[in-house]
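Single-structure report; data block below.
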Amino acid sequence: MTLIIDGPPPSGDPGPQGPDTTDPSTEPWTARTNWIVRVLAGVSLASVAATVWLGLWVTPPDKVQGNLVRLVYIHPPIAWVALYLAFGIAAGSSVLWLWPRTRRVAWDRLAASSMEVGTVFTGLTLVTGAIWGRPTWGVWWAWDARLTSTALLLVLQLGYLALRRIPGDPDARARRCAVGAVIAAVDVPIVHFSVNWWRTLHQGATVLNANLSPTIHGAMAWTLLLGFVSLTLAFAWMLVVRYRIQVLSDRLEGADLETALAERWSEGEQ
Amino acid sequence: MWRDAVLVAGKDLRIELRSRVVLNQVAPFAIVVLALFAFALGPNRAPMLQAAAGLFWVAVLFAAVLAVQRSFALEANDGTRDGLRLSGLDPAGIFLGKAAAISVQLIVLEILLAGGVVLFYGAHIRSYGAVLVACAAGTAGLAAVGTLYGALAAGVRVRETLLPFLLLPVVAPVLLAGTRAWQVALGTGPGGDSADPWLRLMLVFAAVYLAVGVLIFGPLQEAA
């Protein structure tokens with residue numbers, strides 16, 4: 001029943017996609033790990049709740065923007081998670097998977113999990129930005145440099161998820177996705193610069209971020225800081241949970257070899 | 001690596017010379033796209049001329065998707081891909097060869113399209129240097145990314161729909177920079193602009209993706 005992909009690689013170390021045919025119904029983690037994950041969940045939920053409480057009730061409304069300023073407590077933290085943390089983890093672990101010495105199935109799972117959770121955060125970045133832009137600029141969408149490059153990033157991430165969903169051999173999928181992630185990651189700085197020039201060669205500084213001046217009120221600054229911490233924790237928790245789902249679904253695939261085999265044949269060489 | 005690249009490029013171009021698929025199907029399609037833009041923008045020359053630079057590059061992008069699809073359709077039948085992998089050719093050479101063949105075809109398409117833009121939209125090229133550098137750098141970048149994604153999508157059932165979705169967002173900088181450079185060259189852009197930063201951006205884009213392709217094409221070929 002051993003597939004070609006399960007054969008040991010020439011170097012002799014355990015293959016990147018060793019047959020993980022453990023019963024899919026068993027828990028992949030020890031009780032201790034589960035306990036840590038539960039603590040992480042509790043802490044991240046509590047800190048998000050604290051951010052909401054501070055952002056909506058404790059901090060004062062802004063002199064110019066009124067209650068709209070409250071979006072500033074979540075929008076930059078969400079964007080930080082989406083644009084830097086999630087994408088960085090996904091790109092980094094894809095490179096680690098491609099590098100033969102560090103090739104572990106864990107890197108592929110981490111890249112997939114991070115990219116998927118990150119896509120949600122990128123979408124939220126655009127949504128919270130639009131909610132702020134509508135009353136402030138009068139439009140839901142403007143071809144601002146940051147908006148444009150964030151939207152392009154979202155499309156790149158969706159492309160990765162599309163690659164991810166192609167059925168077939170898990171090793172080929174990991175390879176395909178890792179290469180796709182690297183191509184997309186290389187594009188991100190180029191997109192960033194080109195869009196910045198595209199917008200700003202004929203226009204002053206970007207309108208966004210004008211309210212993040214250093215003269216920010218004390219309570220506001222603390223709330224913003226807490227926003228960064230809480231959303232990073234929330235991302236970490238979601239990432240861990242998503243990773244667990246990936247492990248379980250890989251097991252399910254491994255356990256259901258008959259189905260996988262049929263799928264491989266129907267995929268075939270065209 | 002270079003010898004293998006010449007071999008692969010020669011093979012692809014020879015097939016194209018004999019089958020004439022790009023010349024007989026993709027080139028007319030590109031001209032049709034130009035005509036469709038003209039219909040969409042109305043019979044007045046002014047908006048067409050204003051948009052001419054961008055329309056040229058959008059047409060090039062569409063043509064590039066088709067050229068890449070054609071280039072990897074060549075490898076899809078008769079176990080050609082396995083043959084190529086068994087041939088012992090350097091993967092970097094295969095990558096450069098396929099990219100070079102796509103580039104040559106794209107250059108021919110771009111000459112046709114530039115003629116169409118001048119003829120149909122009444123554009124007047126003022127700076128041939130900027131036009132030529134933009135086309136050369138843009139073509140190399142498009143061909144490099146196209147070859148990577150073409151190989152990535154090859155052997156996948158959904159490749160026809162997957163390729164444009166993956167390729168077009170990544171080459172968006174080429175569209176932005178190419179359009180700006182052409183606007184300067186055609187004199188239709190906002191005044192006081194220089195084409196140089198855009199040309200540099202396109203050169204960097206092409207260099208980066210050619211380097212990525214040379215490095216990554218080996219592992220990529222094992223995937224399919």
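Below, chain A is the first sequence line, B the second, and so on; all start at residue 1.
Listed for the A:S114 side chain is no donor-acceptor partner under 3.5 Å among the backbone atoms of A:A111.
Of the two parts of A:I183, the backbone and the side chain both hold a non-hydrogen atom closer than 4.5 Å to a non-hydrogen atom of chain B. Contact annotation for B:A172: only side-chain heavy atoms (C-beta onward) come within less than 4.5 Å of a heavy atom of chain A. Using a 4.5 Å cut-off between heavy atoms, B:V170 touches chain A through backbone and side chain atoms alike. Neither the backbone nor the side chain of A:V188 comes within less than 4.5 Å of any heavy atom of chain B. Looking at B:L152, both its backbone and its side chain come within 4.5 Å of chain A, counting heavy atoms on both sides.
Under the side chain to side chain donor-acceptor pair (under 3.5 Å) rule, A:D108 has a single partner from A:R173, A:R103, A:R164, which is A:R164.
Among A:L156, A:I190, A:D187, the residue with the largest count of heavy-atom pairs under 4.5 Å with chain B is A:D187. In terms of heavy-atom pairs under 4.5 angstrom with chain A, the leader among B:L162, B:V145, B:L176, B:L166 is B:L176. Counting heavy-atom pairs closer than 4.5 Å to chain B, the top residue among A:L152, A:V186, A:L158, A:L98 is A:V186.
Using cut-offs of 30° and 60° for the angle between ring planes, the B:W182 and B:W57 rings count as perpendicular. Ring orientation note: the planes of A:W141 and A:W143 are nearly perpendicular, at an angle over 60° on the 30°/60° scale. Aromatic ring orientation, B:F62 versus B:F29: tilted (interplanar angle from 30° to 60°).
Side chains of A:Q157 and A:T122: a donor on one and an acceptor on the other come within 3.5 Å.
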